Amino acid sequence: MTKFLKLAAIALLAITTASCADDPEIPEPEGTIVEGSHASDGGGYTGFYLLNQGNMGSNKCTLDYFSYKNGTYTRNIYSAANPDQIMELGDVGNDLAIYDGMLFIVVNGSNKVEILDAATAKHIAKVDISSPRSIAFYGNIAYVTSFVGGEGDNGSVVAFDIYSFKKLGSVSVGRMPEGITVIGNKLYVANSGDYQNPDYKNYISVIDIATLNETAKIDGPINLQHIRVDYYGSLWASSRGNYADKASCLARFTAKDGVFSQTATVDQAVSNMTLTNDKLYSIGSTYDENWNATYSYNTLGITGNGYSEEGSFITDGTEKDITAPYCVAVNPGSGEIYVTDAKNYASSGSVLCYSKEGKLLWKATTGDVPACIAFCKK
């Protein structure tokens, strides 16, 4: 792997692990939860934000914060830090990222990206974007996938300046674009078509950042969702399949002479995933004929030439206590693994912290449908 690609991968990691200097200076809201003593040095991180998705139409998207220094998990900090924001965060939180001292919250149902000061959780601005899904950054520009705004019934990627908050343009991509990532001077967008059964999409859009044009399409499995770049410069994308004869899977794409193509398929169900250093962690679900779910917690070891399946990242048997796993995240410094449990998708969920060896360390109650985690670096 070239030095350039390694730097690109490291830069991408920094999006969700950017500096917060210290714990947010917010008023202590009602309902602060401290469950056991789990203070630590955080492996070079002060804590993490957790975005609760809430339910469609309920206006219950909320933001929580965990402090490594104090070992406390605090719920609904947005309303405490921003009492003047009447509508609070909004409806259906879909993505979360820290970049250049700011916390970017993609709120799908409220058609906006909410921007906070990462050090205080105070509102700075919002950018109105129809049906936004995921966010990525390059320089001083944010790029957001949107289910609308493309040619015909396609979706789009919308660009805006992170300092002026002005929209800079958009580009049409595939139908219902989901995840987005950056390598070098290009954006890579996972297209799904998820609500258009059986007309799912099966390609990654490649966008030239300088011109904001789609320049290529990379064929892959159908109904793509999450997309990440690994330490070696390869792309990984998850496929939800078609919920019938095409199963969910994970695909790897590697570049030859700057052109990506699919080079591997991992037959694992993937509903959420994260890449940290040389490992990929994923959670997935499969269903029998009666729609009874079986959940998996998988680890892949990644090399420049391939990968190895390393089994479950939970090793103490406590996965049996998780009702509906929804998100997985890993602290890059300590190796601690976090799994969120959406439970019944209608009331409070939970977040569980595991050691890098897969042993449960602690858990805390979250808001409704805990969906995304972003780490704050010291």
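What's counted below: heavy atoms across the whole structure, side chains too, no hydrogens, waters or symmetry copies. Note that this is a predicted model, so its numbers are computed, not measured.
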Using residues 251-260 as the side-chain source, report each donor-acceptor pair under 3.5 Å to any protein atom, sequence neighbours left out, with the distance given to one decimal.
residue	atom	partner	partner atom	Å
Arg252	NE	Ser234	OG	3.4
Arg252	NH1	Thr303	O	3.3
Arg252	NH1	Gly306	O	2.9
Arg252	NH2	Asp230	OD2	3.1
Arg252	NH2	Ser234	OG	3.4
Arg252	NH2	Thr303	O	2.9
Thr254	OG1	Thr263	OG1	3.3

Apply side chain to side chain contact (heavy atoms under 4.5 Å, CB included) to the pair Phe147 and Glu178, showing each step before the final yes or no.
CA-CA 8 Å; Phe147 272 3; Glu178 290 281 6; 3.5 Å; yes
Apply the test side chain to side chain contact (heavy atoms under 4.5 Å, CB included) to residues Arg240 and Tyr200: give CA-CA distance (whole Å), side-chain angles for both, the deciding distance (0.1 Å), then the verdict.
CA-CA 10 Å; Arg240 286 177 287 201; Tyr200 297 105; over 6 Å; no
Decide side chain to side chain contact (heavy atoms under 4.5 Å, CB included) for Val328 and Ile337; before the verdict, give the C-alpha distance in whole Å, the side-chain angles of both, and the deciding distance to 0.1 Å.
CA-CA 7 Å; Val328 59; Ile337 306 163; 4.1 Å; yes
Are Ser334 and Tyr68 close enough, and set up right, to give a side-chain hydrogen bond (donor to acceptor under 3.5 Å, both in side chains), and what steps lead you there?
CA-CA 11 Å; Ser334 67; Tyr68 287 113; 5.1 Å; no
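Minimum heavy-atom separation, Glu357 to Thr315: O-OG1, 2.7 Å.
Note that the CG atom of Leu96 and the OH atom of Tyr49 stand 9.5 Å from one another [nearest 0.5 Å]. Interatomic distance, Ser282 OG to Leu300 CG, rounded to the nearest 0.5 Å: 6.5 Å. Atom CD of Glu319 and atom CD1 of Ile283 lie 13.0 Å apart (nearest 0.5 Å).
Heavy-atom neighbours of Lys356 NZ from other residues, nucleotides or ligands within 6.0 Å: at or below the threshold of 12. At most 12 heavy atoms of other shown residues, nucleotides or ligands fall within 6.0 angstrom of atom NZ in Lys69. Heavy atoms of other residues, nucleotides or ligands lying less than 6.0 angstrom from CG of Asp288 number more than 12.
A donor atom on one side chain and an acceptor atom on the other are found under 3.5 Å apart for Ser67 and Asp23. If you check the side chains of Tyr163 and Asp100, you find a donor sitting under 3.5 Å from an acceptor. For the 3.5 Å distance criterion, the side chains of Asn52 and Asp368 fail to qualify, holding no donor opposite an acceptor. If you check the side chains of Asn140 and Asp161, you find a donor sitting under 3.5 Å from an acceptor.
Grouping the Ile, Leu, Val, Met, Phe, Trp and Tyr side chains by contacts below 4.5 angstrom, directly or via other members, places Met56 apart from Val107.
Residues that satisfy the ring pair (Phe, Tyr, Trp, His ring centres under 6.0 Å) test with Tyr297, not counting sequence neighbours, are Phe313. Legend: residues meeting side-chain contact (heavy atoms from CB on, under 4.5 Å) with Lys126, ordered by chain and number and at least two apart, are Lys112, Glu114, His123, Asp128.
Salt-bridge annotation for Arg175 and Asp199: present, with a side-chain N of the basic residue lying under 4.0 Å from a carboxylate O of the acidic one.
In this structure, Lys217 contributes its side chain and Gly174 its backbone to no donor-acceptor pair below 3.5 Å. Panel note: side chain Ser156, backbone Val158; no donor-acceptor pair is recorded below 3.5 Å. Side chain of Asn202 to main chain of Pro221: no donor-acceptor pair is present (N/O by atom type, distance under 3.5 Å, no hydrogens or angles). Remark: the backbone N or O of Thr366 is not paired with any side-chain donor or acceptor of Asp64 at under 3.5 angstrom.
Among the candidates Phe48, Tyr354, Phe66, the single residue satisfying the ring pair (Phe, Tyr, Trp, His ring centres under 6.0 Å) test with Tyr338 is Phe48.
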